[in-house]
Amino acid sequence: MHTFPELTRAEEQVMQVLWQRGPSFVKEVVAEMPTPSPAYNTVSTIIRILEQKGFVGHEAFGRTHRYEALVAQDEYRRFSLRKLLGAILVIRFRSWCPFLPRKKTLTPLSSMSCCATPPNLLPPTQMDPISLLKWMMLSAVLLGAWWLCYHIALRRERSFGYNRAFLVLGPLLAASLPLLPLEWPGSWGTGPTTLVPGIATVLLPTAQVGASSSQAAPDWLQWVLMGYVVGGLIVLARLVSGLAKLWLTTRHLPREKQAGYTLVRTGGRLPTSSFGRVVFWDESLPLSDAEAQQVLQHELAHVQQGHTYDRLLLEALRAVLWFNPFVHLCARALTLTHEYLADKAALSPATVASLVTASPAHSYTHLLARQVATRLGFSIPLAHSFSHSQTLRRIAMIHRTSPIRRWKQWLALPLVALLAFTVACERHTEPVAPSKRASSQNAEMPPPPPPPPPAPDAEPAPPPPPPPTANRVYTSVEEMPLFRTGNNNDIVAFIQSKLEYPAEAVRNKVEGRVIIAFVIDKEGNVTDASVYKGIGSGCDEAALNAVRQLPRFKAGKQDGKPVMVRFMVPIQFEPYSAPISNLFGSLVGSPKC
């Protein structure tokens, strides 16, 4: 299975032209690009990057080259499809632990084109209490809507198997749906994506700076984070304590291997119940043979249908969603649904056929009432006890004969769509800057208008004279300037180490992207550093000062002579958390251009 390097959006557009036209010169590729067409130098640089990645080859014609695609379009399309499916199906461990510290990673410089928008980096390394608070509120809303649907439409229905799956799925969706990469498609509400014209520069990966945790979040948010962790640990401790108590209570009791389960006789010390594939049997109860058979079938239904694993899963989710009252309601409803399923198995035709009583349901309800009266308050933690589970509701459900209304089961489909729509809308909402100045400065610069068409009878304008080579600033040269470490990926890391979040921006909650342009001169010094796009509140000055501290480079060369080369570096200021859906680093799609 062949793999390919990742292509940027600009590189894919150039490849589309080469796939459609076949072998082409640069000027022919520029002519086929969507209007407004990008600069000649921009397309030429992209083609050279594609050649380095092995996508494009060339044939020399004097001093010019004709380029052709070396990778078939169908082959690259199949690779992209496999990569997309892998990203959807393979969920990494850290994706399910969004509040654990993450290590910042920088996009390699070699993968950036000269006009591509750099991808967002991972969230800050510290835990984010504001994002945690958003996740808590959103999960409470989702599970509340799910529980309301169950309570109104499904609670009195006799579709016990469906209700069981519904109650298990609800907390799972509430915990995970806000973390999944659900987002509006980038093409909705936007025009066709084109290369950004007029930018002739080397664009570095984004440098990201965040305020310290003491600046970015108030003290009470840190207490929220601590409270959530402590609450989860308490619920987990109760679960572990219950399992330990069950093991200590039953480890010395005699066991008998049966077909598909293990029978443990308690001798009156424990009630009749089940856990996992073990049935605890109290032989001291005064039961007839028919009643004992019904009780055993009830407990075997718990064992065969795996009800214990449902409860353990929901207990683990309760540790994650302990703050959510609806998860505790789901746990109680699931326990009752398990008893409904076991009662149904105890009154199944195969069991009833072996009984001599005239009214099995009537005698079974009497048996339930008698067992509750004799064993009230005596149960095993986490086990399914025959005599301790909301007996009046179980008796009422046994005598219910209304048909199952199947149409109610289809309510889950529009409900899941509504919940996904809610999460997508929350992610689509962008944080609003507090001041008009910050918003206007952070807006994207519109592309320059296309040049007016020439007059029909006018003489063609003479070509502009070539710029003097002595003071020419290049955007791509044979030998690019080299950072002092020998790796240009370290440029962004150096800038990040010199960045400090301005106190004024923290107070005003200003965030956004600052773009700094600078030139590496013939001696390798950083010169002409200026703000290409700013957001104010001290962020522009902080970014400019960090860039000016860059050490001397190894100068770039063209035709063996030192020349000046222009660079740009975006610097992202993010003191506060993005929407909760953006907690994933690698699963969130690329930002819109």
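Bear in mind the structure is a predicted one, so any value in this text is a computation, not a measurement.
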Show me the donor-acceptor pairs within less than 3.5 Å that the side chains of residues 24-33 make with the rest of the protein, sequence neighbours left out.
residue, atom, partner, partner atom, Å
S24, OG, R21, NE, 3.1
S24, OG, G22, O, 2.9
E28, OE1, R21, NH2, 3.3
E28, OE1, F25, N, 2.9

Name every donor-acceptor pair, under 3.5 Å, that has one atom in a side chain of residues 66-73 and the other anywhere in the protein, sequence neighbours excluded.
residue, atom, partner, partner atom, Å
R66, NH2, E59, OE1, 3.0
Q73, NE2, Q16, OE1, 3.4

Ignoring hydrogens and angles, write down the donor-acceptor pairs under 3.5 Å from the side chains of residues 549-557, residues two or more places apart or on other chains.
residue, atom, partner, partner atom, Å
Q549, NE2, N545, O, 3.3
R552, NE, N525, OD1, 3.0
R552, NH2, N525, OD1, 3.4

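Side-chain contact between M568 and Y532 is present, with heavy atoms from C-beta onward closer than 4.5 Å. Between F55 and E11, every side-chain heavy-atom pair lies at or beyond the 4.5 Å cut-off. Contact check for V514 versus F573: side-chain heavy atoms found under the 4.5 Å cut-off. Side-chain contact check for I515 versus V531: every heavy-atom pair is 4.5 Å or farther apart. Within the 4.5 Å cutoff, no side-chain heavy atoms of L544 are placed close to those of D540. Counting heavy atoms from C-beta outward, L142 and P178 have side chains that approach closer than 4.5 Å. No side-chain heavy atom of Y474 sits under 4.5 Å from any side-chain heavy atom of V519. Side chains of I495 and I516 form no contact here, defined as non-hydrogen atoms less than 4.5 Å apart.
Annotation for L321 and A174: closest pair CD1-CB, 4.3 Å, computed over non-hydrogen atoms. Heavy-atom minimum distance, V526 versus F518: CG1-CD1, 3.9 Å. Taking each heavy atom of E511 and Y501 in turn, the nearest pair found is CA-OH, 4.0 Å. Heavy-atom minimum distance, P481 versus F567: CG-CE1, 3.8 Å. Across every non-hydrogen atom of V547 and A529, the tightest pair is CG1-CB, 4.5 Å. Looking at every heavy atom in both residues, C539 comes nearest to P502 through N-CG, 3.7 Å.
The CG atom of D521 sits 8.5 Å away from the CG atom of D528 when rounded to the nearest 0.5 Å. Note: E51 CD to I46 CD1 = 14.0 Å, rounded to the nearest 0.5 Å. The distance from the CG atom of L143 to the CG atom of N324 is 4.5 Å, given to the nearest 0.5 Å. Between atom CG of residue L133 and atom CG of residue L225 there is a gap of 10.5 Å, rounded to the nearest 0.5 Å. Distance check: M564 CE to E523 CD gives 9.5 Å after rounding to the nearest 0.5 Å. One distance of note links CD of Q13 with OG1 of T8; it measures 9.0 Å at 0.5 Å rounding.
Looking at T45, its side chain does come within 3.5 Å of a backbone N or O of N41 through a donor-acceptor pair. The backbone N or O of E478 lies less than 3.5 Å from a partner atom in the side chain of Q558, making a donor-acceptor pair. Between the side chain of W135 and the main chain of A175, a donor-acceptor pair closer than 3.5 Å is present. Judged by distance alone, the side chain of W322 and the main-chain N or O of Y228 form a donor-acceptor pair under 3.5 Å.
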| Stepwise, does the side chain to side chain contact (heavy atoms under 4.5 Å, CB included) test hold for L172 with L317? | CA-CA 7 Å; L172 276 174; L317 290 171; 3.9 Å; yes

Step by step, would you call R513 with I571 a side chain to side chain contact (heavy atoms under 4.5 Å, CB included)?
-> CA-CA 6 Å; R513 178 171 294 183; I571 300 175; over 6 Å; no

Side chain to side chain contact (heavy atoms under 4.5 Å, CB included) assessment of F61 paired with H65
CA-CA 6 Å; F61 289 87; H65 293 164; over 6 Å; no

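Using modelled atom types and a 3.5 Å distance limit, the side chains of D490 and T485 yield a donor-acceptor pair.
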